[in-house]
2 protein chains.
Amino acid sequence: MDQGSIPTSEAVYKLIQGLSKLPGIGPKSAQRVTYYLLHAPEEQVKQLSDAILSIKQKTKLCSVCFNVTDTETCLICRNEQREHGKICVVEQPQDVPALEHTTSYHGLYHVLHGAISPTEGIGPDDLKINELLERLKSNKIDEVILATNPNIEGEATAMYLSKLISPMGIKVTRLAMGLPFGTELEYADDVTLTHAIEGRQEF
Amino acid sequence: MDQGSIPTSEAVYKLIQGLSKLPGIGPKSAQRVTYYLLHAPEEQVKQLSDAILSIKQKTKLCSVCFNVTDTETCLICRNEQREHGKICVVEQPQDVPALEHTTSYHGLYHVLHGAISPTEGIGPDDLKINELLERLKSNKIDEVILATNPNIEGEATAMYLSKLISPMGIKVTRLAMGLPFGTELEYADDVTLTHAIEGRQEF
């Protein structure tokens, strides 16, 4: 029986329950947010409620890159300043802001919405792979950067895509793997260290 | 510039901003929740949005104890099984579920909605103190447990209340102070250790 289950208010109980279902928010944190909102200005509470409702109603997938957007084509695809000859392939919409935040990439994106995973029953047809191939056929693309996650599923997906795209005469690259910044060599795992050795570059 | 400020969707941006304002939720966590809700079932998103809206609209303060409730009088005040001769005085509504969770208290509550704090300009008249005194006068109360926080403001409030209530011939008690369970004596602060020594009990 958690604290939220002894309420004097059903409204309080329901909100604690609802918030507890969100990733990274435990019952204590849900309770804290609930009591905060009880005392928050009416306007802030209304705005948050509306923002949550809008997240499903107002967003769609960009018809070109399948990133989340409010419009038919997303802001990145419509931006003439960006390098339209490069496509960075990512697994999820949230990978786009992570890469954008580095400000070191200026091309376009393609969101697969997942990775190939036989154990979870996710095959190539469940991802936006055909849409990517169509895009590569009907546009002048000179580089595809495979930015799937550095894990088994992401690697398998990158391998699969590489085999399909390389024969089209398009340069295919993969994000570098190696030691993450700020860590100590002593604590690096074997796979990371192997990548770091094999991918070593001239100083 | 945080990650949330490079959106391709205004709806995504607004929700990340809104969630980031909540206590204990940083921009990374807000982003994670936002992308989770993007993929969550419509029903769950609707329910959460409604629960947030309801928290202000459906709740009120109990007319007796000033705890948060959906009804005129809260479930605890209406419960005939509880000891109506005891009142536990707390600072905030969220203190009630914390004490209820212990299942070691079966009396009633009184929520002050704050503590006396000259530095923040909060005096006795800003709290539900007059309402508490009225309650003590018009009901047969044999014990008032002062469960304000064990800090300067909470102590000052308990002291103030004690001076008002004791002359009424009502037993006034204070939550025990001492070492918290699971800690090590070595790391306890001086005030806690002093309380532990002064409040020592026969074994």
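Convention: sequence-line order gives letters A, B, ...; per-chain numbering from 1. In this text the structure is predicted, and so the values were computed from the model without any measurement.
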S.K.: If I take atom NZ from residue A:Lys14 and atom CG from residue B:Leu48, how far apart are they, to the nearest 0.5 angstrom?
M.R.: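 It comes to 12.5 Å.
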S.K.: Just jot down the salt bridge (charged side-chain N to carboxylate O under 4.0 Å, His left out) partners of B:Arg82, sequence neighbours excluded, or say none.
M.R.: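 With neighbours one apart ignored, the set is B:Glu100.
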S.K.: Looking at A:Asp70 and B:Glu10, would you say the former's side chain and the latter's main chain have a donor-acceptor pair under 3.5 Å?
M.R.: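 The answer is yes, because a donor-acceptor pair under 3.5 Å joins these two groups.
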S.K.: Heavy-atom pairs under 4.5 Å with chain A - which of B:Gly24, B:Ser49, B:Gly18 has more of them than the others?
M.R.: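 The answer is B:Ser49.
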S.K.: Mind checking the CG-CD spacing from B:Leu53 to A:Glu42? Nearest 0.5 Å is all I need.
M.R.: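 Between B:Leu53 CG and A:Glu42 CD, I get 8.0 Å after rounding to 0.5 Å.
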S.K.: Among B:Ser29, B:Cys77, B:Ala40, which has the most heavy-atom pairs under 4.5 Å with chain A?
M.R.: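 Of B:Ser29, B:Cys77, B:Ala40, B:Ala40 has the most heavy-atom pairs under 4.5 Å with chain A.
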S.K.: Name all residues meeting the salt bridge (charged side-chain N to carboxylate O under 4.0 Å, His left out) criterion together with B:Lys21; count only those two or more places apart in sequence or in a different chain, and write none if there are none.
M.R.: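 For B:Lys21, no residue satisfies salt bridge (charged side-chain N to carboxylate O under 4.0 Å, His left out) once neighbours in sequence are set aside.
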S.K.: Got more than 12 heavy atoms from elsewhere within 6.0 Å of CG, B:Asp189?
M.R.: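 Result for CG/B:Asp189: enclosed.
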S.K.: Quick one: pull up CG in B:Leu15 and OG in A:Ser54 and give me the separation to the nearest 0.5 Å.
M.R.: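 So the CG of B:Leu15 and the OG of A:Ser54 are separated by 8.5 Å.
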S.K.: Within residues 59-69 of chain B, which residues come under 4.5 Å of chain A, heavy atom to heavy atom?
M.R.: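 Under the 4.5 Å heavy-atom cut-off, B:Thr59, B:Asn67, B:Val68, B:Thr69 qualify.
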S.K.: Listed by chain and number, what are the salt bridge (charged side-chain N to carboxylate O under 4.0 Å, His left out) partners of A:Glu143, not counting sequence neighbours?
M.R.: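 With neighbours one apart ignored, the set is A:Lys86.
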S.K.: Which atoms of B:Lys56 are under 4.5 Å from chain A, going by heavy atoms: the side chain, the backbone, both sets, or neither?
M.R.: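 Just its side chain gets close to chain A.
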S.K.: Let me know if B:Thr71 has heavy atoms under 4.5 Å from chain A in its side chain, its backbone, both or neither.
M.R.: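 Neither part, no heavy atoms under 4.5 Å.
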S.K.: Rounded to the nearest 0.5 Å, how far does NE2 of B:His39 lie from CD1 of A:Ile55?
M.R.: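 It is 10.5 Å, given to the nearest 0.5 Å.
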S.K.: For A:Leu179, is the CG atom crowded, meaning more than 12 foreign heavy atoms sit under 6.0 Å from it?
M.R.: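 More than 12 within 6.0 Å, yes.
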S.K.: Chain A heavy atoms under 4.5 Å from B:Ile25: which part of the residue, side chain, backbone, both or neither?
M.R.: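 It is the side chain, since no backbone atom gets that close.
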S.K.: Quick check for you: to the nearest 0.5 Å, what is the distance between A:Leu19 atom CG and B:Leu22 atom CG?
M.R.: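 Here the rounded value is 8.0 Å.
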S.K.: Taking everything shown except A:Leu193 itself, do over 12 heavy atoms lie less than 6.0 Å from its CG?
M.R.: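 Yes - once you tally the heavy atoms of other residues, nucleotides and ligands closer than 6.0 Å, there are more than 12.
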S.K.: Can you tell which of A:Val33, A:Thr34, A:Leu38 has the highest number of heavy-atom pairs within less than 4.5 Å of chain B?
M.R.: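 Most heavy-atom pairs within the cutoff with chain B belong to A:Leu38.
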S.K.: Is it true that, when you exclude B:Met168 itself, more than 12 heavy atoms of the residues, nucleotides or ligands shown sit nearer than 6.0 Å to its CE?
M.R.: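 Count over threshold, so yes.
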S.K.: Could you tell me the separation between the CD1 atom of B:Ile52 and the CD atom of A:Gln44, rounded to the nearest 0.5 Å?
M.R.: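 So the CD1 of B:Ile52 and the CD of A:Gln44 are separated by 10.5 Å.
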S.K.: Taking the side chain as everything from C-beta on, heavy atoms only, tell me whether B:Pro23 gets closer than 4.5 Å to A:Tyr35.
M.R.: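 With C-beta onward as the side chain, the pair stays apart.
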